[in-house]
Enquirer: 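I have a structure here, written as structure tokens, and I will follow up with some questions on it.
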Amino acid sequence: MRSATSAGSQVRPVRWRAGAGRVAAGTALLAAVALLPWLSGNDPALTVLRARSADQDPTPEQLAAVRGQLGLDEGPFIHFARWLGGLPRGDAGTSWVSGEPVLPQVTNALAVSFTLMLGALVVTIAVAALAGSRTLYLGSRRLLRQARPATAAAFLAALPKFLLASLLATVFGVWLGWFPSSGWKGPASMVLPALALGVPSGAMIGGLFDQSLPAVFQEPWVRTWHACGFSPGRIGRHALRGTLARVLPQFLPTVVALVGGAVAVEKIFNIPGLGRLALDSAIAQDLPPLQTATLVLAVLGAIAGLLIQVLRRALLGPALRDGALPALHPSGLPAGRSTRRVAGICASILVVVVVAGLFRDPLQVDTAARLLPPSLTHPLGTDALGRDLLARLGHGALRTASLALGVTVVCAATGLMLGMATRVGTGVAEVVSTLPAVLAGLLTTAVTGPSAWGAAYAVCLVGWTPYAAQAAALLEQERATDYVLASISFGSGPVRILRLHLLPAVLPAVLRNALLRLPTVVLVLASLGFLGLGEQPPTPEWGRLLSENQPYLELAPWTVLGPAVALVLLSVLALSAVASGRCGSGSPFPRRSKAGQAFR
């Protein structure tokens, strides 16, 4: 058994290395942002002039004057060093476009985004609590017998945030007039954007929470407490505490995404937030506000990461320090007949729709058949150019699924490897998770140009952080179990412990997370396409279908109904696969023959 002194001596270098990882990742992120105008291949002076005015053909003298005024001939590193030198004095520079001080702009945008984040976070927690309430109730009363997919959570998580924002703005803002549909004019302006951001995020967190609860109810202490006559409410509270410790790391990318990743929602509701400021500055290659906004997001991510770590350690208590935590168990629940039925129905519908669409031409334009409703000729209707939506949905299925699956595999593998390097990887993940996918898209498309592969690279650049946070947290918890400490005392080396104990305990949970996030990857790619950074027309890709038909949501809702339902079916199918495959957290107990070798 480790003493508190030895545990404290091990925590200090971990914190030091995590801090070094935060500093290194933050510096690299800011340096990459500083290189954006030079990476894009466009003349920064020309971009700044066009952002200042509508003059599309400036003279060479005007361009030379702007270069001299901004010091662009000095190169990016001189600008970066000068900007860093002004920060200790509270000087973040002046905007290249407006000529106004940057710090007040960023401060005002941060105040708006932070307020919106708090509202969206309340919605996220409420939706997540509703998603897991049924499993918590049944498990605390020993009534949980079968694993079931959370179909409602899958439906909500599969809703694109920009599509949900357009729907809420149209129905509750324009038709009913209950809330403002544009601008930032007070608390009422926060309701619809908070719902658009919080409902899908809460459904995702709730899905992870609902899938983690059965694992906690399989731990030995639950059976012991039931035998001793403890009340279901008390057992449920302690199970909730253990589950929250496992799910909390997933809040970091969610919280930061509610601040910097809400660009599409901010554009729809015309909200002057931090994400929109960063996007507009990046498009205009206005470096001072872009660098300052990126720094604020990085600091916010580091603070949120530290707070989540403190809260998680408080939930786990002294058992984390003393090596007395229970082992991570799989859910161990058989998949019910309803689970297999739901999976079969979803798979059958997707196959029928895809096969039917493959026999049609997705690129045929018929201007006389624009925005036709569903009929026998066009079962899903037509888009604004008269193209058959069933054909575009069917032909885009393979491209969408393969690209999203490839991105998910790369992100999960990268996150698992970096999560195992907990001493440095934790700090790096906290900083990288603050980078909005749209900003990563701008950095990658500056080199590759707007394309599906550029969007995929952008998602890979930031999409590994949830898996790294999850792997690091579970590895820390698994290392604090008694059987791992016993293996070490019997002479097992790090490689043997990693192969026989740690990886089998963590890998199933990461795989479950990857399956649950697969539709989310499609939505992120769709968001990049919505902002012009992803798949380009006329390619029939599901995300592209959502983004290009979003303006016609009120006039012709069937144009987005097909791809939206396809994403919902894909999400439900992923949840059914999780429930059927028992992709819970691993445990050494089902593998006694292998685990026992560590003690020989």
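FYI, side chains are in, hydrogens and waters are out, and symmetry mates aren't considered; it's all heavy atoms of this structure.
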Enquirer: State, to 0.1 Å, how close P180 and L192 come at their nearest heavy-atom pair, and which atoms those are.
Expert: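 Nearest pair, atom of P180 first, then L192: O-CD1, 3.8 Å.
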
Enquirer: With side chain to side chain contact (heavy atoms under 4.5 Å, CB included) as the test, would you mind laying out the steps for M190 and I271 before giving the verdict?
Expert: CA-CA 9 Å; M190 183 179 65; I271 297 175; over 6 Å; no

Enquirer: Roughly how far apart are T382 OG1 and L390 CG, rounded to 0.5 Å?
Expert: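 Interatomic distance, T382 OG1 to L390 CG, rounded to 0.5 Å: 12.0 Å.
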
Enquirer: Once you round to the nearest 0.5 Å, how far does CG of L290 lie from OG of S281?
Expert: 6.0 Å

Enquirer: Roughly how far apart are L274 CG and T294 OG1, rounded to 0.5 Å?
Expert: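 Between atom CG of L274 and atom OG1 of T294 there are 8.5 Å.
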
Enquirer: From Q364 CD over to L385 CG, what is the distance, rounded to the nearest 0.5 angstrom?
Expert: 12.5 Å

Enquirer: Nearest heavy-atom pair of C460 and C411: which atoms, and what distance?
Expert: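 In terms of heavy atoms, the two residues are closest at CA-SG, 3.7 Å.
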
Enquirer: Would the distance check show the side chain of W175 and the main-chain N or O of F172 forming a donor-acceptor pair, the cut-off being under 3.5 Å?
Expert: no

Enquirer: Between T400 and A397 (side chain of the first, backbone of the second, donor and acceptor by atom type, cut-off under 3.5 Å), is there such a pair?
Expert: no

Enquirer: For the atom pair NE2 (H395) and CG (D361), what is the distance rounded to the nearest 0.5 Å?
Expert: 7.0 Å

Enquirer: If a pair satisfies side chain to side chain donor-acceptor pair (under 3.5 Å) and one of its residues is in residues 365-378, list it, with sequence neighbours excluded.
Expert: H378-D388

Enquirer: Can you name the nearest heavy-atom pair linking L389 to T559, along with the distance?
Expert: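 Between these two residues, the closest heavy atoms are CD1-CA, 3.5 Å.
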
Enquirer: Atom CG in L130, atom CG in D210: separation rounded to 0.5 Å?
Expert: 11.5 Å

Enquirer: Less than 4.5 Å apart, side chain to side chain, heavy atoms only: is that true for W184 and T115?
Expert: yes

Enquirer: Would you say W453 and L403 make side-chain contact, with heavy atoms under 4.5 Å?
Expert: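 A side-chain contact exists here, since the closest heavy-atom pair is under 4.5 Å.
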
Enquirer: Where do P379 and R360 come nearest, in terms of heavy atoms and distance?
Expert: CD-NH2, 3.6 Å

Enquirer: Would you call T124 and M204 a side-chain contact if the rule is heavy atoms closer than 4.5 Å?
Expert: no

Enquirer: Using side-chain heavy atoms (C-beta onward) and a distance below 4.5 Å, is V123 in contact with L197?
Expert: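 Side chain of V123 against side chain of L197, heavy atoms only: no contact under 4.5 Å found.
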
Enquirer: Do you know which two heavy atoms are closest between D383 and R392, and how far apart they sit?
Expert: OD2-CD, 3.9 Å

Enquirer: Determine whether a donor-acceptor pair (N or O, by modelled atom type, separation under 3.5 Å) exists between the side chain of W558 and the backbone of L372.
Expert: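 The answer is yes, because a donor-acceptor pair under 3.5 Å joins these two groups.
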
Enquirer: Looking at every heavy atom in both G562 and L380, which two are closest together, and how far apart are they?
Expert: CA-CD1, 4.5 Å

